[in-house]
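Encoded as structure tokens, the structure appears first; notes follow it.
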Amino acid sequence: MQLITAIIKPHMLDDVKDALRAAGVQGLTISEVKGFGRQGGHTETYRGAEYKIDFVPKVKVEVVVDEGAVDGVVTAITEAARTEKIGDGKIWTTTVGSLVRIRTGERGADAV
Amino acid sequence: MQLITAIIKPHMLDDVKDALRAAGVQGLTISEVKGFGRQGGHTETYRGAEYKIDFVPKVKVEVVVDEGAVDGVVTAITEAARTEKIGDGKIWTTTVGSLVRIRTGERGADAV
Amino acid sequence: MQLITAIIKPHMLDDVKDALRAAGVQGLTISEVKGFGRQGGHTETYRGAEYKIDFVPKVKVEVVVDEGAVDGVVTAITEAARTEKIGDGKIWTTTVGSLVRIRTGERGADAV
Amino acid sequence: MRQRLLTGAGLVGVFTLLSATPALAQDEGVTADAVQAALDNIWILIAATLVIFMQAGFALVEAGLTRAKNVANIMMKNLMDFAAGVLAFAAVGFAFAYGPGNDFIGTEGFFLSSSTFSEGFGTLTTPTFFIFQVAFAATAATIVSGAMAERTKFKSYFIYSIVLSGVIYPIVVHWTWGGGWLSQLDTPFHDFAGSTIVHSVGGWAALMGAIILGPRIGKYGEDGKPRAIPGHSIPFALVGVFILLVGWFGFNPGSQLAADPVVGQIAVATVIAAAAGAVTAMATIWIRGGKPDVAMTGNGVLAGLVGVTAGCGVLDNWGALIAGAVAGVLVVFAVLFFDRVGVDDPVGAISVHGVCGVWGTLAVGLFATDGGLLYGDGADQLITQLIGVVAVGAFTLVTAGALFMAIKATVGLRVSAEEEIEGLDVLEHGTAGYGPDMLVGAGAVGR
Amino acid sequence: MRQRLLTGAGLVGVFTLLSATPALAQDEGVTADAVQAALDNIWILIAATLVIFMQAGFALVEAGLTRAKNVANIMMKNLMDFAAGVLAFAAVGFAFAYGPGNDFIGTEGFFLSSSTFSEGFGTLTTPTFFIFQVAFAATAATIVSGAMAERTKFKSYFIYSIVLSGVIYPIVVHWTWGGGWLSQLDTPFHDFAGSTIVHSVGGWAALMGAIILGPRIGKYGEDGKPRAIPGHSIPFALVGVFILLVGWFGFNPGSQLAADPVVGQIAVATVIAAAAGAVTAMATIWIRGGKPDVAMTGNGVLAGLVGVTAGCGVLDNWGALIAGAVAGVLVVFAVLFFDRVGVDDPVGAISVHGVCGVWGTLAVGLFATDGGLLYGDGADQLITQLIGVVAVGAFTLVTAGALFMAIKATVGLRVSAEEEIEGLDVLEHGTAGYGPDMLVGAGAVGR
Amino acid sequence: MRQRLLTGAGLVGVFTLLSATPALAQDEGVTADAVQAALDNIWILIAATLVIFMQAGFALVEAGLTRAKNVANIMMKNLMDFAAGVLAFAAVGFAFAYGPGNDFIGTEGFFLSSSTFSEGFGTLTTPTFFIFQVAFAATAATIVSGAMAERTKFKSYFIYSIVLSGVIYPIVVHWTWGGGWLSQLDTPFHDFAGSTIVHSVGGWAALMGAIILGPRIGKYGEDGKPRAIPGHSIPFALVGVFILLVGWFGFNPGSQLAADPVVGQIAVATVIAAAAGAVTAMATIWIRGGKPDVAMTGNGVLAGLVGVTAGCGVLDNWGALIAGAVAGVLVVFAVLFFDRVGVDDPVGAISVHGVCGVWGTLAVGLFATDGGLLYGDGADQLITQLIGVVAVGAFTLVTAGALFMAIKATVGLRVSAEEEIEGLDVLEHGTAGYGPDMLVGAGAVGR
Ligand SMILES: Nc1ncnc2c1ncn2[C@@H]1O[C@H](COP(=O)(O)OP(=O)(O)O)[C@@H](O)[C@H]1O
Ligand SMILES: Nc1ncnc2c1ncn2[C@@H]1O[C@H](COP(=O)(O)OP(=O)(O)O)[C@@H](O)[C@H]1O
Ligand SMILES: Nc1ncnc2c1ncn2[C@@H]1O[C@H](COP(=O)(O)OP(=O)(O)O)[C@@H](O)[C@H]1O
């Protein structure tokens, strides 16, 4: 099994969620993060003084999926989250050793 | 070493923390996340209009432990976080290559 | 490729960011987390009653880097985040299977 | 007055009597008439202060019922329609409203010209009268910001608010309180404290603004169904409601324009209507939507208040109760209606001030203890009230509509979609309205 | 009045004099008595407005000292106990309190019957008197919501508040201000602005409510020790305290029920007691707890105010200082005491209003410059004060207790444990009180 | 008074007349003079209440413009400078200010000694006069907390505020309103409501405090350039501004110290200056910084108000407009200036109250319709104004400077760097000002 982690633009979340559902994903976990990258931050002004906001709000999506589903899910996210503007984000995968569903204690693919 | 990641119900956090301590865990990191899954969201009403809350608040617990401790810790979390109602969450493990304690620069098992 | 995850003290973030930039890192993602560890929490008082704050605010830094850069980056973070007081945090690494840049669909090292 | 100049706040020396103050004059004996005049002026100044306090109430209601990313913008709009409104009303509005002229508009007395207004207004000095009137003008103007919230360019709103306070509202005042044609009908138009003159002017301008702007991004689903966009702070909204309630004790009783013991009854009518509006609005949304919605109940209080504003001087307690209770029901259905037909009014301003303003004005024709249809006094008053409602409504819809179209065609009315999504605070004003320690990740989740 | 109906807010035409206003009447000469009567009515209306403003203060204090997940609920309770209270008091409460009847209760004058109350109250018109009294009734009712916060069903609270404003509080008023038995003792009971009549009625009802409800989930550890559940917004709580302080300048000086220069001294006593309460509460918690706790100091201000409310008309500055200072100490120990014995009062309402209300009432017997024990005038007044405290306390504890038990047995008093954990906002009212951009992950961490 | 003691709030029985109240007295006929005196006292009490309400305004402005981690601390400072200020001013300040003595300081009348002040102040009773004056003292004191926010020890601030309210401010009052040397110049110093006496005293004390404390950690980059540290809540800041605006209608018109119809004009001058200040400050920062900054516009309102405070009794509308408009420009440049020279004033208190206080005082010398240089009356008044500005400025800078140095040398003035980074709320007061459900991870990100 693989954990797919995607950093996306916050306002693309609904599209990504829908795409993942369409791709057969039944569960996922998201969190609010801030990103630093090529997109750069921006300068704000307050009472005449400036300050730099280096970190841009992003949403992190985490999904554990079966090996077989990895490519499909990565593609689904890539397409749904793409605006073609800088800062669209990244997706990476890591290998999951074991997975447990807390409610039932099921393990492995059954737990997804 | 393994990184154990658990998604649990927020109000089970105290129990999980106590169980982990009892299992010999000395450190852990948590964050606030939102989950999407079988549990489903719920509908709220505001000024007569409805809207759907798809994401349910969850807490993510991350613990890095020695290989030997993995099973015990996973079991401890599973038991402590279980309410047997849908939405209890997941636990997964990934392999950690190296671990450093920033304060001392210690590496590996010493750093846990 | 490797995902480097660092748990650091919030007020060291600026230093860590600068050190990573100096080490050639072009992108990273951070999030607000809370940590439990040797540092312990503290007791607060409110209207004459006490309560224990077990979790201490921390910042989690995640950076995906090429194999070759891992050691340099880990060292950079370790040095920049160190205050030598308890609670400085941890760094761990996990292996990334694949990495995609959403905007372009680039994969692997090009996507970093 | 030289003397006063010399003595700071009036104390010439320690332990001597105050000099050159009315206090001294009293030693020579003041007349009861003079004291009554002083009392009238003091009371109206206090009432005006209460009405000005309503600006904080409006700001809080509107801020509370919109999203955190636009909070600085909405506060700023409320501040500036007051500031710009005061200057515009002083420069030209007051002359249009109360200056000598024809039946339609005042044509003299710009810049508060003291020669034009040398006689004062009854026992009220011109400044006292002005401060009360300018507070009303600012109220009319500020109603609109809520309906246009979260998507209007700041610059454009600024222009609108100057024209409304300086021209549109004053003309309506001239027709009525200013002695113009509506006050000269056989059965003159009766709007004691401004259900139509103040509130529905604001409400209709808000309607045109909301229509011409279009709804906020995300307000309607792909199926065209309205979606809730919850406000970011119910406590702000309800504190705002409380403050408005308090301010209304200046708004309604102060409209007596004199310190007359009758103001007690006006206040009682006001509080009964507010309470009734709260209870019926709560009951209505509870029955219709399954829960006692808090924001809607807050709207109910305001609906009750607007509903009794026209009649608070001529309704008895039962009349006030009905005026308020009906307004509380009406506001709920109006909010649902505008939502359904695609008019996106984040705070319910059109329903509260427009719809209930109309209702309150008509209620006078029905329930006035002297002149009301239901008190057996015939339909004369009711017909006049209808004429007033229609005339003021039409005038405001047309002029405010033209104004917004003109602004749209020139400086533009709406911010870019990107700015709307990001929030107006950063892009229009430079910084977020909440510090990074308060504002959770751009409200991304669950939007 | 027909004339007024015709002329809107009183202006018949541009630049003619006001018609049919007192202003005109003055041309024929008003009497000084009439002006004083007008002044009395205006002043009491303003005082009533200040007291009504206290509703915002209570709402903010209670919202600030409870958790974000229940903020809409607590605001709504504060709004509805005002709205329902106004209607209940107008319908029956005012008659029970001030209507003709026996020594225990008024039995005539329901629905503000104008024939019953045709004579007014001294120089005050019945409406003016009513608006001041209804504001007091709402105050008594609203005290309770804080003590029962975060776990009470909205519907049940709504019922409670109608009964308190409509029946329980009015009966206590009848005994005292209404001329009933406590005012007819040889040495009549003295409670100038309501330490007992308003505040401790609220406080004792709050005590019964909190006991019958039981503590919030998580308030007591497994060892039975109280745990702090910090409020979500100290700024709300302290702004609420400031607003209450401001409102008290209507509450106490207004209770003179006339525009008499003596109100200045009442205000000075009030402000000195408030300041003293703040300082001593801060000092007490600082010494006991190691830090100058902000919420407790806010309670200290209110304690000082409640402590001087009974005596503000008869204490000199030193008496006021002591009344306030002792209240500031008392409130801290009372909060700690109730916490320890398992009565969970999230905002300290029982301590502030109940305990300090008793203290303030007794302080009259000790420090009244005329009649006080410590001024050598014997214990008569003190004994009467004790009788009043006990009688009112017992009556309120019994009736409020019975009321809450009855509600518990029928519609139920407390929400389900799940709802309590989730927060009352979503489940009772449909939406969270804060938008998703403000509310951090359900307060999960560190709970 | 015995009678009153017996009868609670004045009702001896149901439906009997009020006994022993002015109402009864009136049956024997009151004189117009007595009614005017009652009116004067009532009005000044109301004005004082409005001024006391400004405490909430200051608290909100200061809380809004600083960070969430220090919000409880700033609220507490605002509360305690009021509480401590009231006690200190009652104990000694009032005597220093208005007690008999020499041209420099009052030396009798401590603890509001009733024998010293038995005659009252004109028609005002001593308590009425005191309540108005103590509200002013608290205003002067509270100005400072904003400039010293986010880094001052609570204990040290507490000491400062007692000395300012009890000694420094009263001495300045004695020189002027108290009949001292500045009021005895050939052309006496004119500061109607306290641009210099109240505001610039606060402003200069704030300047010394900010300098002696040094800037907050992180305010200046390694290059020495000022960095913005955004406040955590613009809505708080702007509601605070609205409240201050409302309070100013007690501050300025109340300074007439009598219920004179002229207060209407004072209020008009006040509102025009406030509006002008808002507009010009907005325009200035818009031109200079590219965006209409909200916090700065809020400062503009306050600048306009401070700018007209000295002259509101002697300026016509045009004068008020200029006073306010210039203040609005001035405040922006002053804020930028102090920022640049390393004086870290998080809320702009020095600029608003110090700089615009000076401007407002000088504006009297320029624009007073009677005595102003630009009205052709020569420079006498202007020179006096300058003398007053310099004398009060020098006195305050020296005494406040000495005070802060003394505190620094003894209990210390500034919290530790660690505490400053963590936030003052937890370490000084025991808990965070916001619950865990509101406060995002210690504001770590983007700091
Ligand atoms: N090496 C990295 N490791 C972790 N996160 C990264 C990395 N590079 C970029 N990110 C995340 O992806 C986001 C987008 O990256 P950015 O370089 O701005 O644009 P793009 O996605 O178009 O390349 C960043 O804001 C950051 O959150
Ligand atoms: N495939 C997944 N990947 C990541 N997180 C998941 C996944 N499936 C579920 N989750 C997380 O677990 C939580 C609980 O899952 P859910 O399907 O609702 O119930 P249950 O745990 O009983 O199966 C979700 O809210 C989500 O946060
Ligand atoms: N085993 C672990 N797994 C995950 N996070 C950990 C672990 N141990 C510690 N941490 C994180 O590192 C932080 C610092 O650890 P702590 O034991 O307090 O001090 P130190 O870093 O000096 O050893 C903790 O607050 C927690 O966030």
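Within every chain, numbering begins at 1; the chains are lettered A, B, ... in the order of the sequence lines, protein sequences first and strands thereafter. Here the structure is a predicted model, which is why all the values come from computation and not from measurement.
Proximity of a side-chain donor or acceptor of D:T431 to a complementary backbone N or O of A:T45 within less than 3.5 Å is detected.
To the nearest 0.5 angstrom, A:H11 atom NE2 is 8.5 Å from D:E422 atom CD.
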Exercise. Checking side-chain contact (heavy atoms from CB on, under 4.5 Å) for the pair A:H42/D:V426: CA distance, chi angles, key distance, verdict?
Worked result: CA-CA 10 Å; A:H42 60 281; D:V426 173; 4.1 Å; yes

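No more than 12 heavy atoms of other residues, nucleotides or ligands lie within 6.0 Å of NZ in D:K155, so this atom counts as exposed by the packing criterion. Around CZ of D:R414, the count of heavy atoms belonging to other residues, nucleotides or ligands within 6.0 Å exceeds 12.
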